[in-house]
Amino acid sequence: MAPELDNPFWSSLRSRHRALARCIGDAARYPAEFAPFLGVASAEADVADALASLIDPGESVYLLGVAPNVPAGCRLETFDELAQMICTAPIPVTDGPEVIELSEAHRADVLALTTLVYPHYFRPRTMELGRYFGIYQDGRLAAIIGERLGMDAYQEISAVCTHPDFNGRGYARRLLALLSNDNLERGRTPFLHVSQQNRRAMRLYEQIGYRHRRGIGFWSLSRA
């Protein structure tokens, strides 16, 4: 059933990332420099006072799976549902270039790549939410993958990015297989989120062994 995956921001903020969470009552968020994500315990939770404290005037945050009743002074915008996908069996690993674990020394390269191809949700300290891996070619960061949300039994795979100059070489497939398999060996089921309009990415995930778990609601919440 995995109910924690139905409310992943809240679940991660109350477990793996509890030490980072800014939590007031039934609402919690990541600090802005880590991720623009906020979660609530349930759709029925009274979080009006919490939202007034957790969201700065003029700021927008994102919610996934569960959205609250919006109090006066806040605006909720509904986006198309995302596809939530999980992987429960090892993936064959394709041959390819060396994969390295990324560190502080690589942060500038990671931020440059994510600004180019994954600009909406990556922040200066997102890399501290989990492990990140990459492939360098000709001295350039060609592709990355990382871990973002996490619970005891689940690990979100995120920021699957390839620089346009290196598309079509199978780097994303190689990174996905290596990181997904590593988490399975650790006893964590990997999952990810993808736009259902991004058919190319969904086909890749399905071909290598991820399956559609559910469509999951996605919103932005801003405060006047």
Side-chain angles (χ1 to χ4, degrees), residues 1-18 20 30 34-35 37 39 62 64-66 81-103 106 110 113-114 117-118 120-123 126-135 142-162 170-196 198-218:
M1 293 291 290
E4 56 265 66
L5 293 185
D6 294 332
N7 193 359
F9 289 168
W10 175 257
S11 298
S12 186
L13 285 161
R14 302 306 292 155
S15 56
R16 184 82 60 81
H17 293 139
R18 187 182 186 95
L20 289 175
Y30 285 93
F34 286 87
F37 301 150
Y62 297 93
L64 188 62
V66 177
E81 285 190 342
L82 300 179
Q84 186 180 80
M85 306 180 74
I86 64 171
C87 177
T88 56
I91 300 168
V93 179
T94 57
D95 291 334
E98 178 187 14
V99 174
I100 65 169
E101 185 164 0
L102 301 172
S103 67
H106 307 100
V110 171
L113 179 55
T114 54
V117 299
Y118 188 78
H120 301 296
Y121 314 116
F122 210 90
R123 297 294 185 266
T126 299
M127 285 179 68
E128 298 174 40
L129 297 179
R131 299 173 299 160
Y132 280 76
F133 298 87
I135 293 172
I144 65 168
I145 195 170
E147 298 171 335
R148 192 173 58 183
L149 309 178
M151 307 101 193
D152 291 342
Y154 297 94
Q155 177 61 61
E156 186 196 31
I157 306 299
S158 181
V160 184
C161 299
T162 301
Y171 293 168
R173 182 184 295 264
R174 178 167 168 78
L175 289 167
L176 273 162
L178 287 168
L179 189 53
S180 300
N181 291 351
D182 181 80
N183 274 287
L184 287 168
E185 290 172 2
R186 292 167 180 257
R188 296 173 178 167
T189 299
F191 69 102
L192 55 81
H193 299 100
V194 60
S195 166
Q196 297 192 73
N198 190 347
R199 296 304 307 169
R200 180 172 177 271
M202 288 190 68
R203 281 195 300 270
L204 169 65
Y205 300 144
E206 290 166 352
Q207 288 168 3
I208 68 172
Y210 275 77
R211 65 174 177 82
H212 186 273
R213 178 179 178 268
R214 59 163 292 186
I216 189 165
F218 187 40

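Nothing here was measured: the structure is a model prediction, and the numbers come from that model. Atom set for the values below is all heavy atoms of this structure, side chains included, hydrogens, waters and symmetry mates excluded. Sequence positions, counted from 1, serve as the residue numbers for this chain.
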Before giving the answer on side chain to side chain contact (heavy atoms under 4.5 Å, CB included), spell out for F122 and S158 the whole-Å C-alpha distance, their side-chain angles and the decisive distance to 0.1 Å.
CA-CA 10 Å; F122 210 90; S158 181; over 6 Å; no

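- Atom-to-atom distance recorded for N181:CG and R186:CZ is 12.5 Å, nearest 0.5 angstrom.
- Counting heavy atoms from C-beta on, the side chains of F34 and L129 come closer than 4.5 Å.
- No side-chain heavy atom of L175 sits less than 4.5 Å from a side-chain heavy atom of V160.
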Using residues 143-150 as the side-chain source, report each donor-acceptor pair under 3.5 Å to any protein atom, sequence neighbours left out, with the distance given to one decimal.
from: E147; atom 1: OE1; to: R131; atom 2: N; distance (Å): 3.1
from: E147; atom 1: OE1; to: R131; atom 2: NE; distance (Å): 3.2
from: E147; atom 1: OE2; to: R131; atom 2: NE; distance (Å): 3.2
from: E147; atom 1: OE2; to: R131; atom 2: NH2; distance (Å): 2.7
from: E147; atom 1: OE2; to: N183; atom 2: ND2; distance (Å): 3.1
from: R148; atom 1: NE; to: E156; atom 2: OE1; distance (Å): 2.9
from: R148; atom 1: NH1; to: Y118; atom 2: OH; distance (Å): 3.1
from: R148; atom 1: NH2; to: E156; atom 2: OE2; distance (Å): 2.9

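- Qualifying ring pair (Phe, Tyr, Trp, His ring centres under 6.0 Å) partners for Y171, counting only residues two or more places apart in sequence or in other chains: none.
- For R214, the side-chain hydrogen bond (donor to acceptor under 3.5 Å, both in side chains) partners at least two apart in sequence or on another chain are D6.
- Side-chain atoms of I100 and H106, non-hydrogen and from C-beta on, do get closer than 4.5 Å to each other.
- Nearest heavy atom pair, residue P190 against residue I157, reads CB-CG1, 3.9 Å.
- Of all heavy-atom pairs between H120 and R123, the closest is O-NH1, 3.1 Å.
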Side-chain donor/acceptor pairs under 3.5 Å, residues 202-210, sequence neighbours excluded:
from: Q207; atom 1: OE1; to: R173; atom 2: NH2; distance (Å): 3.2
from: Y210; atom 1: OH; to: S180; atom 2: OG; distance (Å): 2.7

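- The closest side-chain heavy-atom distance from W10 to E4 is not below 4.5 Å.
- Contact detail for L192 and L176: the closest heavy-atom pair is CD2-CD2, 4.3 Å.
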Which pairs of donor and acceptor atoms, one on a side chain in residues 83-98, lie under 3.5 Å apart (sequence neighbours left out)?
from: Q84; atom 1: OE1; to: R213; atom 2: NH1; distance (Å): 2.6
from: Q84; atom 1: NE2; to: L5; atom 2: O; distance (Å): 2.9
from: Q84; atom 1: NE2; to: H193; atom 2: NE2; distance (Å): 3.0

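- Judged purely by atom type and a 3.5 angstrom limit, S15 uses its side chain to pair as donor or acceptor with the backbone of S11.
- Contacts of S195 classified as side-chain hydrogen bond (donor to acceptor under 3.5 Å, both in side chains), with partners at least two apart in sequence or in another chain: Q197.
- Among residues two or more places apart in sequence or in another chain, the ring pair (Phe, Tyr, Trp, His ring centres under 6.0 Å) test is passed with F133 by none.
- How far CD of E101 is from CG of L179: 9.5 Å, rounded to the nearest 0.5 Å.
- Under the side chain to side chain contact (heavy atoms under 4.5 Å, CB included) criterion, D152 pairs with no residue at all, not counting sequence neighbours.
- Scanning all heavy atoms of the two residues, the minimum distance from I216 to G65 falls at CG1-CA, 3.5 Å.
- Residue L13 comes nearest to G39 through the heavy atom pair CD1-N, 4.2 Å, listed as atom of the first residue, atom of the second, then distance.
- Legend: residues meeting side-chain hydrogen bond (donor to acceptor under 3.5 Å, both in side chains) with R199, ordered by chain and number and at least two apart, are absent.
- In terms of the side-chain hydrogen bond (donor to acceptor under 3.5 Å, both in side chains) criterion, residue partners of R16 (sequence neighbours excluded) are, by chain and number, Q155.
- F218 meets the ring pair (Phe, Tyr, Trp, His ring centres under 6.0 Å) test with Y62, F79; sequence neighbours excluded.
- For the 3.5 Å distance criterion, the side chains of T126 and Y132 fail to qualify, holding no donor opposite an acceptor.
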